[in-house]
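Below: the structure, in structure tokens.
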Amino acid sequence: MKKVLATFLALAAFSLQAETLRVAATAVPHAEILEHLRPAMAEQGIHLEVRVFTDYVQPNTQVNEGRLDANFFQHLPYLENFNASRNTQLVSIAGVHVEPFGAYSVRYTSLEDLPQRAQIAVPNDATNGGRALLLLQEAGLIRLNPEAGITATPRDIIDNPKRLRFRELEAATLPRVLNQVDLALINTNYALEAGLNPAADAIVIEGAESPYVNILVVHRDRAEDPALQVLVNTLKSETSRQFIEERYQGAVVPAF
């Protein structure tokens, strides 16, 4: 009993002394990475509180409003589009990893097998939707208006030999519609949550050179915050690298 009491008092003392960082993250791999690094953060006097979200809006909204200290779930093109459309004041303070974006099907094993008028599900947010279409263009299925850039939508398709039909859906729902469509283009975090192995299950996937590095995001007024800089250094540590490489086996690639 005395040992239990001593442990409780020690933990209580730590929680009173340590600074707390509240970080929003999607479950896989972001929250898993952060949870793995909690002991390393605690050793540096910072209690890391990870809050898991299933959408791409609230993590940014709550950081911008100061209800959370940081978030870890997005890439820079998405952040830039969010800032422009929502008038938020968010900035990236670290690039951590790349999640190669992939296309999945339970009906076909290659893109060549897709029939005429196949139904394709893509994310409905501007940057991830554009990323999906650019991957299909790279694979030779469609051709996009060059002026559309990274925020291309199905309306920007100028050549579609197979007359593919597109469904734009919320990114988090895409794994759940795999059996309803011929092909779904899914962000790796949601693919991993659904039990998919991007390296093995995707019938086409981005290379490791993808520009869509996942980033740690804060309000611009806190970009130099010392506690947040400790988190940056910990996310880019050798401990973090080893965890990412061993846990995800190429489905998530360190970008540092």
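Please read all numbers here as calculations on a predicted model, not as lab measurements.
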Qualifying residue, where the test is side-chain contact (heavy atoms from CB on, under 4.5 Å) with Leu185 and the options are Leu174, Leu136, Leu133: Leu136
Sole residue of Leu21, Leu216, Val23 in side-chain contact (heavy atoms from CB on, under 4.5 Å) with Leu34: Val23
Side chain to side chain contact (heavy atoms under 4.5 Å, CB included) between His75 and Val213, intermediate numbers included: CA-CA 5 Å; His75 49 63; Val213 175; 5.9 Å; no
Qualifying residues under side chain to side chain contact (heavy atoms under 4.5 Å, CB included), relative to Ala202, sequence neighbours excluded: Tyr104, Ile205
Distance flag, aromatic centroids of Phe53 and Phe73, threshold under 6.0 Å: no
Ring centres under 6.0 angstrom apart (Phe72, His97): yes
Over 12 non-hydrogen atoms of neighbours within 6.0 angstrom of CZ in Arg220: no
Glu147 atom CD: more than 12 heavy-atom contacts under 6.0 Å: no
Checking [Y] against [X]: is there a side-chain donor and acceptor pair closer than 3.5 Å?
| X | Y | answer |
| --- | --- | --- |
| Ser110 | Asp113 | yes |
| Gln116 | Arg163 | no |
| Asn81 | Thr127 | no |
| Asn60 | Gln74 | yes |
| Asn214 | His30 | yes |
| His219 | Asp69 | no |
| Glu170 | Tyr56 | no |

If you define the side chain from C-beta out and look only at heavy atoms, does anything of [X] sit under 4.5 Å from [Y]?
| X | Y | answer |
| --- | --- | --- |
| Thr173 | Arg176 | yes |
| Leu183 | Leu111 | yes |
| Thr26 | Asn187 | no |
| Pro154 | Glu168 | yes |
| Tyr78 | Pro123 | no |
| Pro29 | Ile244 | no |
| His36 | Arg247 | no |
| Val122 | Arg167 | no |

[atom1]-[atom2] distance between [X] and [Y], expressed to the nearest 0.5 angstrom:
| X | Y | atom1 | atom2 | value |
| --- | --- | --- | --- | --- |
| Leu37 | Glu43 | CG | CD | 11.0 Å |
| Glu99 | Tyr248 | CD | OH | 9.0 Å |
| Ile186 | Asn128 | CD1 | CG | 12.0 Å |
| Asp156 | Thr153 | CG | OG1 | 4.0 Å |
| Gln180 | Leu169 | CD | CG | 9.0 Å |
| Leu90 | Asn64 | CG | CG | 4.5 Å |

Do [X] and [Y] share a hydrophobic cluster (ILVMFWY, side-chain heavy atoms under 4.5 Å, transitive)?
| X | Y | answer |
| --- | --- | --- |
| Ile142 | Val204 | yes |
| Ile33 | Ile215 | no |
| Phe82 | Tyr190 | yes |
| Phe101 | Ile157 | yes |
| Val96 | Met41 | yes |

Please name the pair of heavy atoms, one in [X] and one in [Y], separated by the smallest distance, quoted to 0.1 Å.
| X | Y | answer |
| --- | --- | --- |
| Ser240 | Thr234 | CB-O, 3.5 Å |
| Pro77 | Ile150 | CB-CD1, 3.6 Å |
| Thr188 | Pro100 | OG1-O, 2.5 Å |
| Val232 | Ala94 | CG1-CB, 3.8 Å |
| Ser237 | Phe256 | O-CE1, 3.5 Å |
| Gln137 | Leu144 | OE1-N, 2.7 Å |

Under-4.0 Å salt bridge between Glu224 and Arg222: no
Strictly distance-based, threshold 3.5 Å: is any side-chain N or O of [X] a donor or acceptor partner for the main-chain N or O of [Y]?
| X | Y | result |
| --- | --- | --- |
| Arg38 | Leu48 | yes |
| Asp55 | Gln58 | yes |
| Asn160 | Leu164 | yes |
| Arg22 | Arg67 | yes |
| Lys162 | Arg117 | no |
| Asn124 | Gly129 | no |

CA sep, side-chain torsions, deciding dist, call: Tyr212, Glu206, side-chain hydrogen bond (donor to acceptor under 3.5 Å, both in side chains): CA-CA 10 Å; Tyr212 294 89; Glu206 290 175 335; 5.9 Å; no
Worked verdict on Ile93 versus Leu228 for side chain to side chain contact (heavy atoms under 4.5 Å, CB included): CA-CA 9 Å; Ile93 58 172; Leu228 288 167; 4.2 Å; yes
Side chain to side chain contact (heavy atoms under 4.5 Å, CB included) evaluation trace for Asn83 with Asn87: CA-CA 5 Å; Asn83 277 333; Asn87 197 33; over 6 Å; no
